[in-house]
Protein chains: 2
Amino acid sequence: MDWQTFLSKAGYRLSEPRKTIMKLMETTEKPLNPLGIHRLLREQGVHLGLVSVYRTLELFLSLGLISQVFQQDGLVGYLPSSFGHHHFIVCQNCQKAVEFAGTEDMQDLIQRIRAETHFQVREHLLQFFGLCPECQSLLKDGEKQ
Amino acid sequence: MDWQTFLSKAGYRLSEPRKTIMKLMETTEKPLNPLGIHRLLREQGVHLGLVSVYRTLELFLSLGLISQVFQQDGLVGYLPSSFGHHHFIVCQNCQKAVEFAGTEDMQDLIQRIRAETHFQVREHLLQFFGLCPECQSLLKDGEKQ
DNA sequence: CTCGTTGCAAACTCTTTGCAATAAC
DNA sequence: GTTATTGCAAAGAGTTTGCAACGAG
């Protein structure tokens, strides 16, 4: 089911701003934040209130249509997400982000945490940071680590 | 080496505000943010400019004396951290956070990500959310999942 | 005594709220 | 036509900056 159908079935309207924002998000590989989306659309000549961007992102997030992406110092933006669990690796140089598949590997760790802390484990936030192939090449001379 | 020695050796002064803030952070088990620290100290009769709290946290973070703690919707605060890598599990009900030990389990996953995405993996953000033992008891009747 | 550090006020940025106008269904 | 959604303006929250006064070393 595509996102438009999903939105309708959930009782929300398929407005122009929502279509515009989702279209933009689907064509970007870098996490976008509200201000960024607003600026990008302006540059494309699309007029759209900043408030609507906030409200649209809030809605999409609550429906799981997009996911939050973090850098090491906090939330940097949003990206469209397939259903289920979402993990990204984000380039520290250009912020390009790629989603990677699930985490069966996680079960052992979860068991250990349960034993160590006696917490009931319910969710997790897992994200990697590194260099995308392009930036690896760019940085070959210099600070290559 | 304790944090005070560490601070001195790094060329920073051991001021009263810094001592006060670190003392507070060492005695809490819930992540604290700037405003929270400011409020708590006021309640204890300690007067301290909010700006100084910000600057102190910034300094401590840059020195690795404290770590950032996230909830699913972003940064919620800071906690003191031992050196090296820091992972927390945070209670979704009361925000109590506990640090747990490293992540050897991570190497397989990192290999897989490298193969899947061709990113060079350099850092990661891993945090768990759940219920602490106390809140598990409290919530036994009701929304226990 | 010197210079890093603090505190205040003010500026700034980001985000949220209220309400009338608009447009999706 | 009805009701969700938008856009504006204004309020609110959190964070940063400039600068004079202070205090740790």
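A, B, ... follow the sequence lines: proteins, then strands. Residue 1 opens every chain.
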- Note on the structure: Comparing H47(B) with L50(A), nearest DNA chain C nucleotide closer to 5' gives the residue H47(B)

- Task: Please answer whether the main-chain N or O of K96(A) pairs with a side-chain N or O of E29(A) as donor and acceptor at a distance below 3.5 Å.
- Result: no

- Can you tell if the side chain of M22(A) reaches within under 4.5 Å of the side chain of Q4(A), non-hydrogen atoms only? no

- Task: Between P17(A) and P34(B), just flag the one whose closest nucleotide in DNA chain D comes earlier from the 5' side.
- Result: P17(A)

- What integer distance in Å separates E58(B):CD from dG14(D):C1'? 15 Å

- Query: When the distance from NE2 of H38(B) to P of dA13(D) is rounded to whole Å, what number comes out?
  - Reply: 16 Å

Enumerate the protein-to-nucleotides 21-25 of chain D contacts in which both atoms are nitrogen or oxygen and the separation is below 3.5 Å.
residue: dG23(D); atom: N2; partner: R13(B); partner atom: NH1; Å: 2.6
residue: dA24(D); atom: N3; partner: R13(B); partner atom: NH1; Å: 3.3
residue: dG25(D); atom: OP1; partner: L14(B); partner atom: N; Å: 3.2

- Rounded to the nearest Å, what distance is computed from the CG atom of residue N33(A) to the C1' atom of nucleotide dT15(C)? 12 Å

- Message: Can you measure L35(A) atom CG to dC12(C) atom C1' for me and round it to whole angstrom units?
- Response: 13 Å

- Task: Let me know the distance between CG of L57(A) and C1' of dT6(D), rounded to the nearest Å.
- Result: 15 Å

- Message: Can you tell whether the side chains of E16(B) and K19(B) come within less than 4.0 Å, N to carboxylate O?
- Response: yes

- Query: Taking CG from L48(B) and C1' from dG7(C), how many angstroms apart are they, rounded to a whole number?
  - Reply: 9 Å

- Item | side-chain contact (heavy atoms from CB on, under 4.5 Å) partner of C135(B), the single match among S137(B), C132(B), P133(B) | C132(B)

- In sequence, state the C-alpha distance, the side-chain angles, and the governing distance for R18(A) and L59(A), and then conclude on side chain to side chain contact (heavy atoms under 4.5 Å, CB included). CA-CA 10 Å; R18(A) 286 174 185 168; L59(A) 176 66; 3.6 Å; yes

- Message: In the structure I gave you, are the side-chain heavy atoms of L63(A) and Y12(A) within less than 4.5 Å of one another anywhere?
- Response: yes

- Message: Parallel, tilted or perpendicular: which one describes the rings of F128(B) and H124(A), with boundaries at 30° and 60°?
- Response: tilted

- Task: Whole angstrom is fine here: how far is it from CG in D73(A) over to P in dC14(C)?
- Result: 14 Å

- Roughly, in whole Å, what's the span from OH in Y54(A) to P in dA13(D)? 16 Å

- Would one find a side-chain N or O of R55(B) under 4.0 angstrom from OP1 or OP2 of dT5(C)? no

